[in-house]
Enquirer: 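Quick one: structure below, then a few questions.
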Amino acid sequence: MAKDSTIVRGPCYCGSVDFERVRVRQRNGEVYMTEFVSCHVCGVMYHRPDQPKPIEKMTPERRDFLKRIGWLK
C-alpha cells in the first residue's frame, strides 16, 4: 500500500508525515477504500474525506431522533 503524505494537513501527533488510506476487504472480496487515513508509525486514524459532505438540514424528524438517542435535550 502506498504512502500518501498529502492527505493529512501537517504531521501526526507522533511527528510522522507518512499516512495511508484505510482499506477494508468486504465479504465478497472487494476492497472498499474508506474516508480514513492511518499513520504508519503509531497507527492513529484521521477522518479525511476526499470531498466534504454537505451538512444535513435539521428536520423535525431528525431532531426527534436525536432527542430519543440522547444527543439533544
Side-chain angles (χ1 to χ4, degrees):
M1 294 186 190
K3 294 179 182 179
D4 190 345
S5 60
T6 63
I7 51 183
V8 173
R9 294 181 188 147
C12 180
Y13 289 111
C14 72
S16 173
V17 293
D18 292 328
F19 300 90
E20 72 179 340
R21 189 65 66 176
V22 176
R23 295 167 179 86
V24 177
R25 185 168 306 277
Q26 298 176 341
R27 290 183 182 186
N28 64 5
E30 292 183 25
V31 176
Y32 168 72
M33 188 159 321
T34 70
E35 294 182 339
F36 292 89
V37 294
S38 175
C39 173
H40 275 273
V41 175
C42 69
V44 169
M45 292 176 57
Y46 297 91
H47 183 242
R48 291 296 302 163
D50 293 329
Q51 303 239 338
K53 295 179 181 173
I55 297 173
E56 297 176 22
K57 292 185 178 184
M58 184 65 73
T59 63
E61 295 83 13
R62 184 167 177 79
R63 184 178 309 278
D64 291 342
F65 171 74
L66 294 174
K67 284 181 181 179
R68 279 196 313 272
I69 64 171
W71 287 20
L72 287 178
K73 293 183 178 186

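Count residues from 1 along the sequence.
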Enquirer: Closest approach of Val24 and Thr34, non-hydrogen atoms and distance?
Expert: CG2-CG2, 3.7 Å

Enquirer: So Tyr13 and Cys39, do their side chains get closer than 4.5 Å, heavy atoms only?
Expert: no

Enquirer: Output all residues satisfying side-chain contact (heavy atoms from CB on, under 4.5 Å) with Asn28, sequence neighbours left out; order by chain, then residue number.
Expert: Gln26, Glu30

Enquirer: Between Phe19 and Val44, is there a shared hydrophobic cluster once you connect ILVMFWY residues whose side-chain heavy atoms come closer than 4.5 Å?
Expert: yes

Enquirer: State, to 0.1 Å, how close Arg21 and Phe36 come at their nearest heavy-atom pair, and which atoms those are.
Expert: CD-O, 3.4 Å

Enquirer: Could you list the residues that satisfy side-chain contact (heavy atoms from CB on, under 4.5 Å) with Glu61, not counting sequence neighbours?
Expert: Thr59

Enquirer: Report the distance from atom CE of Met45 to atom CD of Glu35, rounding to the nearest 0.5 Å.
Expert: 11.5 Å

